[in-house]
Amino acid sequence: MVLKGGVVEEIIPKGFFGSWGVISKLQSTNNEKLFNYESKDIWTLGGYSNILILQNLKSGAYSEIFIDEKPKDGKTLSFEREKIVKEQENQIKYIEKVTFTLQGNNFSGIDEFIVEKYDKSKKLIEKNSAKYRIEGVKISS
C-alpha cells in the first residue's frame with residue numbers, strides 16, 4: 001500500500017468566504033447603452049486552494065475563478081478572466097479585471113469590463129469598456 005500526500009497553499013483570504021450584499025456603480029464607460037449604471041446583488045463566495053467560487057443565487061450565475069497569486073497584504077484579491085463567444089461570422093471577447101480589498105466585514109474595489117468584437121479575419125472592429133466601483137457587506141459566514 002502506497003500513501004501519497006501533498007501540501008495545498010491557500011491563496012484566497014478566508015475572510016472573503018460567505019454571503020455578501022454587493023453594490024456596483026458605474027464610474028466610467030465609452031458605451032452607456034451597453035453597461036448597467038448600477039446593480040445590487042447577493043453573492044456567495046467560497047472556494048479552496050486557488051479556486052474562487054462565485055455564485056449569484058438570484059441570477060443563477062456560477063463562476064470558478066483561478067487566482068494566480070497569493071495576496072502580499074493578505075487581504076487583496078485580484079483576478080482576470082476571459083470568455084470568447086462565436087456569433088455568426090464574428091467573435092466577441094469578454095474580459096473582466098477585478099481587484100477587491102477586504103476590510104473586516106466589508107470589501108471594496110474595482111471591476112473593469114472590456115468587450116471586444118472581431119470580424120472573421122480576427123480584426124478588431126469594436127471595443128467597449130466600463131469601470132465599476134464595487135462595495136460589499138458581509139451578510140453571513
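Please read these numbers as outputs of a predicted model, since none were measured by experiment. These values consider heavy atoms only, across backbone and side chains, with no hydrogens, waters or symmetry-generated copies.
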Got a second to check how far I11's CD1 is from D68's CG, nearest 0.5 Å? 8.0 Å
Test side chain to side chain donor-acceptor pair (under 3.5 Å) on S121 and D119; report intermediate values, then the result. CA-CA 5 Å; S121 64; D119 66 13; 2.8 Å; yes
Identify, with sequence neighbours excluded, every residue that meets salt bridge (Lys or Arg N to Asp or Glu O under 4.0 Å) alongside E96. R81
Which heavy atom of I67 sits nearest a heavy atom of S78, and at what distance? CG2-O, 4.0 Å
Shortest non-hydrogen contact from E116 toward L124: CB-CD1, 3.7 Å
Is atom CD of E89 surrounded by more than 12 heavy atoms (other residues, nucleotides or ligands) closer than 6.0 Å? no
N/O donor-acceptor pairs under 3.5 Å from side chains in residues 52-59, not counting sequence neighbours:
unit_1	atom_1	unit_2	atom_2	d
N56	OD1	K58	N	3.1
N56	OD1	S59	N	3.1
N56	ND2	D41	OD1	3.3
S59	OG	A61	N	3.2

Parallel, tilted or perpendicular: ring planes of F107 versus W43, cut at 30 and 60 degrees: parallel
Do N36 and S39 have a side chain donor and acceptor closer than 3.5 Å? no
Minimal heavy-atom distance between N128 and E126, with the atoms involved, is ND2-OE2, 2.9 Å
Donor-acceptor pair, side chain of T29 and main chain of S129, under 3.5 angstrom: yes
CD on E82 to CD1 on I114, rounded to 0.5 Å: 9.0 Å
When you group the ILVMFWY residues by side-chain heavy-atom contacts below 4.5 Å and let the links chain together, are L34 and I92 in the same group? yes
With K25, which residues qualify under salt bridge (Lys or Arg N to Asp or Glu O under 4.0 Å), at least two apart? E38
Rounded to the nearest 0.5 Å, what separates atom CD1 in I95 from atom NZ in K97? 6.5 Å
Using atom types as modelled, flag every donor-acceptor pair under 3.5 Å from a side chain in residues 134-141 to any protein atom, sequence neighbours excluded.
unit_1	atom_1	unit_2	atom_2	d
E135	OE2	R133	NE	3.0
E135	OE2	R133	NH2	3.3
K138	NZ	G15	O	2.8
K138	NZ	F17	O	3.1

K127 side chain reached by K117 side chain, heavy atoms, under 4.5 Å: no
Under a 4.5 Å cut-off applied to non-hydrogen side-chain atoms, are V85 and Q91 in contact? no
Residues that K72 engages under salt bridge (Lys or Arg N to Asp or Glu O under 4.0 Å), provided they are two or more places apart: E69
Could you tell me whether the side chains of Q88 and N90 share a donor-acceptor contact shorter than 3.5 Å? no
Co-membership, hydrophobic cluster, residues Y37 and I23, 4.5 Å side-chain: no
Does some side-chain heavy atom of V115 sit less than 4.5 Å from a side-chain heavy atom of F35? yes
Inter-residue atom distance K14.NZ - L45.CG, 0.5 Å rounding: 12.5 Å
Do I110 and W20 share a hydrophobic cluster (ILVMFWY, side-chain heavy atoms under 4.5 Å, transitive)? no
How long is the gap from CD1 on I12 to CD1 on I51, to the nearest 0.5 Å? 8.0 Å
Measure the CD1-CG distance between I65 and N50 for me, rounded to the nearest 0.5 Å. 11.5 Å
Which word best sums up how the rings of F79 and F100 line up, parallel for under 30°, tilted for 30 to 60°, or perpendicular for over 60°? perpendicular
Taking only residues two or more places apart in sequence, or in another chain, which ones meet Y118 in a ring-ring contact (aromatic ring centres under 6.0 Å, His included)? none
Neighbour count above 12 (heavy atom, 6.0 Å) for I42 CD1: no
